[in-house]
Amino acid sequence: MTLDHPLDRPTWNALISRLAGFAIGDARAVRLDPACGVFLAAADDGPEARAAMTELARLYPGSGIVERAGGPMDGVLPDGAEVVGGYPCVQMVCSALTAGGGATMDAEPLGEAHAPEMLALATLTQPGPFRERTHALGGFFGVRRDGRLIAMAGRRMRVPGFSELSAVCVHPDHRGQGLAGALSRIVVSDILAEGDHAFLHAKAEAATTIRLYESLGFSVRIPVSYTVLA
């Protein structure tokens, strides 16, 4: 299997292009700034790339690897790596939102000034890897109730032609109100307006989540594997 599409290797293709300013490493292997996230990728499965990947994993523990399931880089890990978690996912893409606006609410842009409460909400709800400076990847919106941040969504990886919807989360006390879908629409609308397609990753077993994104206009593109290292 060849990996010709930029989304076949989202971490590698993002960190050598549009997110290069957030990358640590070189032409052999790259790692997202640990203050922003966990993602690690090697250029290929050759010995030089694997050695560089191994060194980055040693320097920055707790890395995560996202690769196309069944592809040539699926299962390529740092030497001696201890796998402590992971799960199969699906990668979904969207070129146009479906009609309908869903829930109505006042959403506000989120940024540096909101970093502590964004991290607190993500830590509570666990939408996926989120760190103290993930907000720096940009494009975040949130909803408040009684002055408290209760829901948010934003962007993460960017590869040529595509931007990732990520960190979609809602406080447990406010679920079932359509906030996840409404915030996702706002973020995706901005992505599409800028000329990109949107993409995301969801757990393969999360049927309800996948149906939500399908209702917005996303469709499953490929299966991907997510692996968490010690």
Side-chain angles (χ1 to χ4, degrees), residues 7-8 10-11 37-39 64-70 74 84-108 110 117-131 134-135 137 139-145 148-157 162-192 196-228:
L7 289 181
D8 287 345
T11 299
V38 302
F39 299 104
I65 299 174
V66 176
E67 295 289 352
R68 179 169 183 159
D74 188 19
V84 295
Y87 38 81
C89 295
V90 293
Q91 183 184 86
M92 306 181 74
V93 295
C94 175
S95 299
L97 286 165
T98 56
T104 58
M105 77 295 182
D106 294 325
E108 64 177 90
L110 301 175
E117 57 186 334
M118 294 172 73
L119 179 60
L121 180 61
T123 300
L124 173 68
T125 57
Q126 296 294 308
F130 197 96
R131 299 295 181 265
T134 300
H135 68 274
L137 299 176
F140 280 85
F141 289 86
V143 175
R144 294 184 183 281
R145 295 279 166 80
R148 183 177 65 169
L149 183 68
I150 62 160
M152 69 177 181
R155 304 190 204 185
R156 187 168 59 193
M157 293 298 179
F162 296 84
S163 291
E164 183 184 19
L165 170 67
S166 185
V168 180
C169 54
V170 179
H171 191 283
D173 293 343
H174 297 274
R175 290 175 180 163
Q177 302 173 26
L179 296 175
L183 283 169
S184 295
R185 281 186 177 275
I186 291 172
V187 175
V188 172
S189 179
D190 278 0
I191 290 171
L192 299 177
D196 275 1
H197 303 283
F199 76 103
L200 60 83
H201 295 106
K203 290 182 179 180
E205 65 181 22
T208 300
T209 299
I210 292 171
R211 284 196 297 270
L212 166 64
Y213 291 124
E214 287 176 335
S215 75
L216 299 178
F218 283 86
S219 59
V220 173
R221 179 178 173 267
I222 56 170
V224 298
S225 299
Y226 177 51
T227 304
V228 182

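Val188 and Cys94 make their closest contact through CG1-SG, 4.2 Å (heavy atoms, listed as atom of the first residue, atom of the second, distance). Nearest heavy-atom pair across Leu192 and Ser95 is CD2-O, 3.7 Å. Looking at every heavy atom in both residues, Leu149 comes nearest to Gly142 through CD1-CA, 3.9 Å. Nearest heavy-atom pair across Gly154 and Phe140 is CA-CD2, 3.5 Å.
Residue Thr11 holds its OG1 atom at 7.0 Å from CD of Glu67, rounded to the nearest 0.5 Å. The distance from atom CZ of Phe130 to atom NE2 of His135, rounded to the nearest 0.5 Å, is 8.0 Å. Taken to the nearest 0.5 Å, the CG atom of Leu200 stands 12.0 Å off from the OG atom of Ser163. Atoms CD1 and CG, from Ile191 and Leu97 in turn, are 9.5 Å apart once rounded to the nearest 0.5 Å. Here CE of Met152 is found 13.5 Å from CZ of Phe141. Values are rounded to the nearest 0.5 Å. Atom-to-atom distance recorded for Asp106:CG and Arg145:CZ is 9.0 Å, nearest 0.5 angstrom.
With sequence neighbours excluded, the residues forming a side chain to side chain contact (heavy atoms under 4.5 Å, CB included) with Ser225 are Ala69, Asp74, listed by chain and number. Residues meeting the side chain to side chain contact (heavy atoms under 4.5 Å, CB included) test with Arg148, sequence neighbours left out: Ile150, His171, Asp173, His174. Partners of His201 according to the side-chain hydrogen bond (donor to acceptor under 3.5 Å, both in side chains) rule, which considers only residues two or more places apart in sequence or in another chain, are Gln91, Glu164. Qualifying side-chain hydrogen bond (donor to acceptor under 3.5 Å, both in side chains) partners for Thr123, counting only residues two or more places apart in sequence or in other chains: none. The salt bridge (Lys or Arg N to Asp or Glu O under 4.0 Å) test applied to Arg131 returns no partner, not counting sequence neighbours. Taking Arg144 as the reference, Glu108, Glu117 meet the salt bridge (Lys or Arg N to Asp or Glu O under 4.0 Å) condition, with sequence neighbours excluded. Residues meeting the ring-ring contact (aromatic ring centres under 6.0 Å, His included) test with Tyr226, sequence neighbours left out: Tyr87. Under the rule for a side-chain hydrogen bond (donor to acceptor under 3.5 Å, both in side chains), Thr134 has no partner lying at least two apart in sequence or in another chain.
Classification of Arg155 and Asp196 as a salt-bridged pair fails, no side-chain N sitting under 4.0 Å from a carboxylate O.
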Please list every donor-acceptor pair under 3.5 Å in which a side-chain atom of residues 209-218 meets a protein atom from a residue at least two apart or in another chain.
from	atom 1	to	atom 2	distance (Å)
Arg211	NH2	Thr208	OG1	3.3
Ser215	OG	Leu212	O	2.5

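Looking at Val170 and Thr125, their side chains never come closer than 4.5 Å, going by heavy atoms from C-beta outward. Two residues are said to be in side-chain contact when any heavy atoms from C-beta on lie closer than 4.5 Å; Val90 and Ile222 fail this criterion. For the pair Pro127/Val168, no side-chain contact is recorded, criterion being any heavy-atom separation below 4.5 Å from C-beta on.
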(request) Apply salt bridge (charged side-chain N to carboxylate O under 4.0 Å, His left out) to the pair Asp190 and Arg185, showing each step before the final yes or no. (result) CA-CA 9 Å; Asp190 278 0; Arg185 281 186 177 275; over 6 Å; no
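Centroid-to-centroid, the aromatic rings of His197 and Phe162 come within less than 6.0 Å.
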